[in-house]
**Q** 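This structure is in structure tokens; I'll ask about it shortly.
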Amino acid sequence: MNTMKKTLLYSLAAMASLALASCAGDYDDWANPQANEQEASAAKYGVTFANGSEAEGSMADEDGIINLVTVNSTDANVTGFTLKDFKVNGVAVNGTMVGNNVQVSASELEKIVCEQNKSRASVARDLNVETQVSINLASGDAVSITTKGETTGKFTPTATPQLDEKGYYMLGQVNGNEWDAKSPVWMNKISDGVYQLKVTTTADKNWFKFYAGSNFVSNDWDSINKGALGCKENGSEDTFGYILYNGDSWGELQTPVIPGAGTWIVTLDMNNLTYTVGKPVLYMAGDANGWNQIDVLNGDDGVHFTGYMYLNQNGFKFCTQPNWDGTNYGADFDTAPDAGNIVIAEEAGFYQVDVDLSAKTYTLTPFTIGIIGNATPKGWDGDTNMTYNPEERCWELKGVTLSDGEMKFRHTNDWSLSWGGELDNLTTQNGPNIVVAAGTYDIKLVVNWAEGTAKCEMTKK
């Protein structure tokens, strides 16, 4: 096997010559291949696709090349194969045909499985392989096979550093540290292997690195730098990135940047060797909102969050980014890419949602909005409740009779959250009363939970 793999560098020229020779036969017009269906052609020549000798491989491979697929034929007239198309987990890969084996770069496989799982964890990842070849015949003909042979495999990325029992800290332009090696900014452990910090920045570009706690020796940069953790591209402002470390096969660790002044939540996930930088908010994406991160939970410490949203029993996740690129919390607050969805036991409805990432818990409190005021049916003594319309994402009240007077909106019979003022720009808390003329109305209220974004439409019938 090693001798075969040493031919890899020479096989490209040989394959190019073979392809030209194959095209010199009776079937040189690839736009009009033989009329046989692929399955029939494959059966005719006894072509089979099987897992290669290293279909279950890893980055520990000595020569950095993986024999992933083996192609065989029972027909004595078949002298070999030319690789036409090759995909791993749906991604086109630069495979090379060496003899009967399709070989690929181990580092390219590692990149694919890490990016697809958003994790550098040294865990065996499933491979689904699709291979398309043409058959080279002793007569000089070539037969195009268009249906792909399917095989499977597993690949394990490079082993990454063990969790540091003393935790992790940050140095740089965060929380006034300014690269002071005597005063590290320690991160808070929020679960096994996951650390977080509420960061305040003051510059347009705020450079920083992570460091392993066991290497900290006050003001000793030689010791400190042994535990340095950074990113792949210097000055990266990505909200999600992979962690690089000293001696990393992925390259030399560089310094990431937090873009702009403000308050941020920085999360270091040493289980997956990733980090995220974002505002102290969570997003909910689930069946109830089309799996889009459009429902927001706010917080001020990166651990506790509160939001208001409609939930059903078909599942959702909490996300740190307004997409799937950050940390996504599923069932039991599992952050693995294949984690199950959170499914509520309560009935579908609108709720106040309170999340505690440290405790890995969430609570749901039924939430309603109603109208109140001397123009409403119950006056200032009680709410006339509205109904939430999940399709239009608004609160509505149809055919309600109002008197000349004033009204406001408030939540769950409580003045702790209310809306008043101009209908197209309602304000919360101490907003002016809404002046109403007598009549029967259909009312729609859209509340996006950011000041000045709530709007109301009142249609007089």
**Q** Show the numbers, then the answer: is there a side-chain contact (heavy atoms from CB on, under 4.5 Å) between F49 and V71?
**A** CA-CA 5 Å; F49 298 84; V71 188; 3.9 Å; yes
**Q** Looking only at heavy atoms, what is the nearest atom pair of N323 and D325, with distance?
**A**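 Distance-wise, the nearest heavy atoms are OD1-N, 2.9 Å.
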**Q** Does any N or O in the side chain of N312 come within less than 3.5 Å of the main-chain N or O of N314, such that one atom is a donor and the other an acceptor?
**A**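 A pair under 3.5 Å: yes.
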**Q** Classify the ring geometry between Y388 and F350 as parallel (under 30°), tilted (30 to 60°) or perpendicular (over 60°).
**A**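 Tilted: the ring planes of Y388 and F350 meet at 30° to 60°.
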**Q** Tell me, yes or no, whether the heavy-atom count around E346 atom CD, taken from other residues, nucleotides or ligands under 6.0 Å, exceeds 12.
**A** yes
**Q** Looking only at the aromatic ring of each residue, does the gap between the centers of Y242 and F240 stay below 6.0 angstrom?
**A** yes
**Q** Run the side chain to side chain donor-acceptor pair (under 3.5 Å) test on S416 and D414 for me, step by step, so that the C-alpha distance in whole Å, both residues' side-chain angles and the decisive distance to 0.1 Å come before the verdict.
**A** CA-CA 6 Å; S416 62; D414 192 318; 3.1 Å; yes
**Q** Under a 4.5 Å cut-off applied to non-hydrogen side-chain atoms, are N289 and F316 in contact?
**A**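 The answer is no; the side chains never approach within 4.5 Å.
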**Q** Just wondering, do V257 and T255 contact through their side chains at under 4.5 Å, heavy atoms?
**A** no
**Q** Output the distance between atom CD1 (I66) and atom CG (N101), rounded to the nearest 0.5 Å.
**A** 12.0 Å
**Q** Are the side chains of F86 and L68 in touch, meaning some heavy atoms are under 4.5 Å apart?
**A**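 In short, these two side chains touch, coming nearer than 4.5 Å.
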**Q** For the atom pair OG1 (T267) and OH (Y195), what is the distance rounded to the nearest 0.5 Å?
**A**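 Reported to 0.5 Å precision, the distance equals 13.0 Å.
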**Q** Between D164 and K166, is the closest basic N to carboxylate O distance under 4.0 Å?
**A** no
**Q** Counting only heavy atoms not in D204, do more than 12 fall under 6.0 Å of its CG?
**A** no
**Q** Determine yes or no for a side-chain-to-main-chain donor-acceptor pair under 3.5 angstrom, with Q173 supplying the side chain and W207 the backbone.
**A** yes
**Q** Measure up the W221 and W179 rings against each other and bin them: parallel (under 30°), tilted (30 to 60°), perpendicular (over 60°).
**A** tilted
**Q** Above 12 or not: heavy atoms from other molecules or residues under 6.0 Å from CG of D332?
**A** no
**Q** Donor-acceptor pair, T152 side chain versus N128 backbone, under 3.5 Å?
**A** no
**Q** How far apart are the C-alpha atoms of N136 and T82, what are their side-chain angles, what is the distance that settles it, and do they pass the side chain to side chain donor-acceptor pair (under 3.5 Å) test?
**A** CA-CA 7 Å; N136 305 312; T82 300; 3.2 Å; yes
**Q** Does some side-chain heavy atom of K455 sit less than 4.5 Å from a side-chain heavy atom of N425?
**A**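 They are not in contact (no side-chain heavy atoms under 4.5 Å apart), so the answer is no.
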**Q** So, for M284 and L311, which heavy atoms are closest and what is the spacing to 0.1 Å?
**A**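 Shortest heavy-atom separation between M284 and L311 comes out as CE-CD2, 3.6 Å.
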**Q** Does V113 reach the side chain of L127, with side-chain heavy atoms less than 4.5 Å apart?
**A** yes
**Q** Quick check for you: to the nearest 0.5 Å, what is the distance between Y308 atom OH and L297 atom CG?
**A** 9.5 Å
**Q** List the atom of F81, the atom of S73, and the distance in Å for their closest heavy-atom pair.
**A**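 Reported closest heavy-atom pair: CZ-CB, 3.9 Å.
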**Q** Cut-off 3.5 Å, side chains only: do T158 and E110 have a donor facing an acceptor?
**A**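 Yes, E110 and T158 have a side-chain donor paired with an acceptor closer than 3.5 Å.
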**Q** Counting only heavy atoms not in E233, do more than 12 sit closer than 6.0 Å to its CD atom?
**A**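 For E233, atom CD is not crowded (no more than 12 foreign heavy atoms under 6.0 Å).
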**Q** Do W250 and I243 touch side chain to side chain, with heavy atoms closer than 4.5 Å?
**A** no
**Q** Measuring from atom OG of S105 to atom CD of Q103, what distance do you get when rounded to the nearest 0.5 angstrom?
**A**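 Taking OG in S105 and CD in Q103, the distance rounds to 11.0 Å.
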**Q** Could you check whether any side-chain N or O of N206 sits under 3.5 Å from a backbone N or O of I258, counting only pairs where one atom can act as donor and the other as acceptor?
**A**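 Judged by distance alone, yes, a pair lies under 3.5 Å.
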**Q** Report yes if the side chains of E108 and V93 come closer than 4.5 Å at any heavy-atom pair, otherwise no.
**A** yes
**Q** Please test Q116 against V91 for side-chain contact (heavy atoms from CB on, under 4.5 Å), starting from the C-alpha separation and ending with a verdict.
**A** CA-CA 10 Å; Q116 289 186 333; V91 178; 3.5 Å; yes
**Q** State, yes or no, whether a side-chain contact exists between M170 and V266 at a heavy-atom distance under 4.5 Å.
**A** yes
**Q** Please tell me whether D354 and T306 have a donor and an acceptor in their side chains that are separated by less than 3.5 angstrom.
**A**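 Side chains of D354 and T306: pair found under 3.5 Å.
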**Q** Is it the case that over 12 heavy atoms from other parts of the model lie below 6.0 angstrom from the CD atom of Q313?
**A** yes
**Q** Regarding N177 and S183, is there a side-chain donor-to-acceptor distance under 3.5 Å anywhere?
**A**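 There is no such pair (donor and acceptor under 3.5 Å, judged by atom type) between the side chains of N177 and S183.
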**Q** Would you say the side-chain atoms of T412 pair up with the backbone N or O of T368, donor to acceptor, closer than 3.5 Å?
**A**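 Side chain of T412 to backbone of T368, a donor-acceptor pair under 3.5 Å: yes, one is there.
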**Q** Return yes when atom NZ of K279 has more than 12 non-hydrogen atoms of other residues, nucleotides or ligands closer than 6.0 Å, and no otherwise.
**A** yes
**Q** Measuring from T151:OG1 to N51:CG, what's the distance to the nearest 0.5 Å?
**A**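 That separation rounds to 5.0 Å.
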**Q** Please report the C-alpha distance between V174 and T200 in whole Å, then the side-chain angles of each, then the deciding distance to 0.1 Å, and finally whether the side-chain contact (heavy atoms from CB on, under 4.5 Å) criterion is met.
**A** CA-CA 6 Å; V174 295; T200 301; over 6 Å; no
**Q** Among L364, T365, I369, find the one that has a side chain to side chain contact (heavy atoms under 4.5 Å, CB included) with F367.
**A**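 Running side chain to side chain contact (heavy atoms under 4.5 Å, CB included) over L364, T365, I369 with F367 returns exactly one hit, I369.
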**Q** Just verifying a value: how many Å separate F208 CZ and L197 CG, rounded to the nearest 0.5 Å?
**A**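 So the gap between those two atoms works out to 10.0 Å.
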**Q** Assign the ring pair Y362 / F318 to parallel, tilted or perpendicular, where the plane angle (0 to 90°) is split at 30° and 60°.
**A**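 If you compare the ring of Y362 with that of F318, the planes turn out perpendicular.
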**Q** Can you name the one residue among N271, D248, T274 that meets side chain to side chain donor-acceptor pair (under 3.5 Å) with R120?
**A**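 The single option meeting the side chain to side chain donor-acceptor pair (under 3.5 Å) with R120 is D248.
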**Q** Check for me whether the distance between the ring centres of W395 and F409 falls short of 6.0 Å.
**A** no
